[in-house]
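Some notes on the structure that comes next.
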Amino acid sequence: MKIGVERDVLAEAVAWTARALPARPTIPVLAGIRLHAGAELTLSSFDYDVSAQAVVPVSTEEEGSALVSGRLLAEISRSLPARPVQISAEAGRAVLTCGSATFTLLTMPEDEYPALPEMPPAAGSVGSDAFAAAVSQCAVAAGRDDTLPAVTGVRVEVEGETLTLVSTDRYRLAIRELRWTPAKPGLSAAVLVPARALAESARSLTSGAEVSIALALPGEDGPGGDGMIGFEGAGRRTTTRLLGGEFPRYQALLPTGVKAVAELPTSLLVEAVKRVALVAERNTAVRLAFSAGQLLLEAGTGDEAQAEEVLEASFEGDDLATAFNPQYLLDGLTAIDSDTARLSFTEAGKPALITGKPGPDGHPDYRYLLMPIRLGG
């Protein structure tokens with residue numbers, strides 16, 4: 001193999017591919033990135049759950065392939081000077097030259113490297129920026145407890161031209177709806193995608209206008225098949241094995257009616273919560289008391305540092321006091337992507353629904369349901 005490639009093009013492609021490298025590979029070759037040079041250069045990585053592949057233009061003098069340490073290649077490629085890069089490989093070594101710098105890397109046995117999974121059948125496409133924003137809004141509420149794998153994922157629901165993303169860690173619930181273009185009309189499906197892999201994929205595919213989504217449902221590849229989802233755009237493609245388990249029945253948690261509603265500028269509320277939370281000890285709450293025309297924020301107790309702040313707020317309903325984990329509250333407020341935050345309550349001890357301004361149809365496209373913290377006394 002002997003090729004020439006632009007430094008920035010190589011660095012971006014290696015960084016993308018390295019995202020699928022396992023932290024603790026079960027076999028040594030899974031720590032490698034495979035370089036295959038033909039008319040273009042294809043970089044591949046795989047950990048049996050997530051695969052990543054990038055295709056970049058190169059000038060090829062000699063076709064071929066090599067498997068090299070992915071972490072080392074990533075570190076080298078991002079530290080190279082802004083000069084064209086030449087890569088050659090033969091006799092168990094790969095040599096990378098850029099300007100006056102030369103690196104020699106040992107290659108790994110390619111015959112031990114597993115074949116990457118094929119992309120599942122196309123399901124549809126969605127705008128890359130809108131998809132990345134939606135995934136970011138929902139991934140924040142996904143669980144991180146690996147003993148409960150079903151809540152570490154984002155539920156992706158497809159119903160016609162509507163794509164719905166849902167996540168929960170049992171203390172909060174995030175729901176985001178967006179329009180997409182299905183590959184065939186009447187498509188209906190629901191799958192559970194690992195939140196971390198989904199967030200990294202969506203964030204990394206914004207260089208193209210659209211993201212193509214491919215889907216193989218559990219059982220389609222046989223009774224033991226876990227199912228797979230794939231994403232492709234701007235010369236990048238990735239696949240992720242779907243999660244199993246029962247996702248919580250979240251529809252029953254959403255309030256069907258509200259008794260009190262507060263509205264106030266999102267930025268002012270975010271800054272006030274941050275200030276008041278400075279005195280909140282770990283895992284303690286920020287208290288919110290709503291009354292006509294105002295919101296009182298408080299944190300701390302009589303035996304500790306205390307803080308309070310009063311904000312003007314539009315409030316309809318009977319006076320209401322509640323309390324929330326300050327970080328969870330901030331996560332929801334910063335995710336709504338609206339200059340006005342609306343907090344809707346059924347009663348003080350029940351979850352609050354945080355939304356932004358309603359969309360053209362009168363309904364918000366993002367909803368964040370937050371459980372309150374019960375206070376003693």
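One-based numbering along the sequence shown.
For the atom pair OH of Tyr366 and CD1 of Ile336, the computed distance is 9.0 Å after rounding to the nearest 0.5 Å. Separation of atoms OG1 (Thr164) and CZ (Arg176) is listed at 10.0 Å; rounding is to 0.5 Å. The CD atom of Glu177 sits 11.0 Å away from atom CD of Glu159, with the distance rounded to the nearest 0.5 Å. The CE atom of Met1 sits 9.5 Å away from the OG1 atom of Thr107 when rounded to the nearest 0.5 Å. Within the model, atoms CD of Glu263 and CG of Leu269 stand 12.0 Å from one another, a figure rounded to the nearest 0.5 Å. Remark: Leu163 CG to Ser125 OG distance equals 10.5 Å, nearest 0.5 Å.
Between Phe131 and Phe231, the ring center distance clears the sub-6.0 Å criterion.
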For Ser45 and Arg19, run side-chain hydrogen bond (donor to acceptor under 3.5 Å, both in side chains): C-alpha distance rounded to whole Å, both residues' side-chain angles, the deciding distance at 0.1 Å, then the answer.
CA-CA 8 Å; Ser45 62; Arg19 54 179 289 278; over 6 Å; no

Step by step, would you call Glu200 with Arg196 a salt bridge (Lys or Arg N to Asp or Glu O under 4.0 Å)?
CA-CA 6 Å; Glu200 290 180 350; Arg196 182 178 176 182; 3.5 Å; yes

Test side-chain contact (heavy atoms from CB on, under 4.5 Å) applied to Leu30 and Tyr48, step by step
CA-CA 9 Å; Leu30 294 183; Tyr48 287 114; 3.5 Å; yes

Quick one: do Ile175 and Leu165 satisfy side-chain contact (heavy atoms from CB on, under 4.5 Å)? Show the steps, please.
CA-CA 6 Å; Ile175 304 173; Leu165 307 177; over 6 Å; no

Could you go through the side-chain hydrogen bond (donor to acceptor under 3.5 Å, both in side chains) check for Arg172 and Tyr368 one step at a time?
CA-CA 7 Å; Arg172 52 206 173 141; Tyr368 184 88; 3.0 Å; yes

side-chain contact (heavy atoms from CB on, under 4.5 Å) between Leu330 and Lys274, worked out
CA-CA 8 Å; Leu330 288 169; Lys274 288 180 179 178; 3.9 Å; yes

List the steps, then state whether side-chain contact (heavy atoms from CB on, under 4.5 Å) holds for Leu106 with Val68.
CA-CA 7 Å; Leu106 297 178; Val68 299; over 6 Å; no

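Ser77 places no side-chain N or O within 3.5 Å of a backbone atom of Leu10 that could act as its donor or acceptor partner. No side-chain donor-acceptor contact under 3.5 Å links Arg170 to the backbone of Pro248. Side-chain atoms of Thr60 never come within 3.5 Å of backbone atoms of Glu62 as a donor-acceptor pair (strictly under, hydrogens ignored). Proximity of a side-chain donor or acceptor of Thr17 to a complementary backbone N or O of Gln53 within less than 3.5 Å is not detected. No donor-acceptor distance shorter than 3.5 angstrom exists from the side chain of Thr238 to the backbone of Ser201, with no hydrogens or angles considered. Looking only at distances, a side-chain donor or acceptor of Arg71 sits under 3.5 Å from a matching main-chain atom of Leu21.
The hydrophobic cluster containing Phe290 also contains Phe324, counting ILVMFWY residues as joined when their side-chain heavy atoms lie under 4.5 angstrom apart, directly or transitively. Both Ile87 and Ile76 belong to a common hydrophobic cluster when Ile, Leu, Val, Met, Phe, Trp and Tyr are linked at side-chain heavy-atom distances under 4.5 angstrom. No continuous path of ILVMFWY side-chain contacts below 4.5 Å connects Leu192 to Ile213, so the two sit in separate hydrophobic clusters. Linking Ile, Leu, Val, Met, Phe, Trp and Tyr residues whenever their side-chain heavy atoms come within less than 4.5 Å leaves Leu67 and Leu43 in two separate clusters.
The aromatic rings of Tyr171 and Tyr328 lie tilted to each other, with the angle between the two planes from 30° to 60°. Classified by interplanar angle (parallel below 30°, tilted 30° to 60°, perpendicular above 60°), the ring pair Tyr250/Phe247 is perpendicular.
A side-chain contact (heavy atoms from CB on, under 4.5 Å) with Thr322 is found for exactly one of Leu370, Leu343, Leu288, namely Leu288. Under the side-chain contact (heavy atoms from CB on, under 4.5 Å) test applied with Val191, the options Val158, Leu242, Leu243, Val154 reduce to a single match, Leu242.
Heavy-atom minimum distance, Thr346 versus Pro255: CG2-CB, 3.8 Å. Considering every non-hydrogen atom in both Ile373 and Ala285, the closest pair reads CD1-CB, 3.8 Å. Considering every non-hydrogen atom in both Arg342 and Pro358, the closest pair reads NH1-CG, 3.9 Å. Of all heavy-atom pairs spanning Asp47 and Asp49, the tightest one is OD1-N, 2.9 Å. In terms of heavy atoms, Trp180 sits closest to Gly124 at CZ3-CA, 3.4 Å. The minimum heavy-atom distance between Ala174 and Gln137, with the atom names listed, is CB-O, 3.9 Å.
Looking at Arg237 and Ser51, their side chains never bring a donor and an acceptor atom within 3.5 Å of each other. Under 3.5 Å, the side chains of Gln86 and Thr97 contain no donor-acceptor pair of N or O atoms. No hydrogens or angles considered: a donor-acceptor pair under 3.5 Å links the side chains of Ser65 and Glu110.
Contact of the Glu298 side chain with the Val286 side chain is not registered, since no non-hydrogen atoms from C-beta on lie closer than 4.5 Å. Side-chain contact between Lys357 and Asp339 is present, with at least one heavy-atom pair separated by less than 4.5 Å. Residues Asp169 and Thr152 form no side-chain contact, since every pair of their non-hydrogen atoms from C-beta on lies 4.5 Å or further apart. Residues Leu253 and Thr168 form no side-chain contact, since every pair of their non-hydrogen atoms from C-beta on lies 4.5 Å or further apart. Inter-residue side-chain proximity for Arg367 and Leu353 is flagged as met; some heavy-atom pair is nearer than 4.5 Å. Residues Glu61 and Ile3 form no side-chain contact, since every pair of their non-hydrogen atoms from C-beta on lies 4.5 Å or further apart. Proximity of Gln294 to Glu312: side-chain heavy atoms (C-beta onward) are nowhere separated by under 4.5 Å. Taking the side chain as every heavy atom from C-beta outward, Val56 and Arg236 approach each other to under 4.5 Å.
Shown here are the salt bridge (Lys or Arg N to Asp or Glu O under 4.0 Å) partners of Glu210, two or more places apart in sequence or in another chain: there are none.
Under a cut-off of 6.0 angstrom, the local environment of CZ in Arg83 is sparse, with at most 12 non-hydrogen atoms contributed by other residues, nucleotides or ligands.
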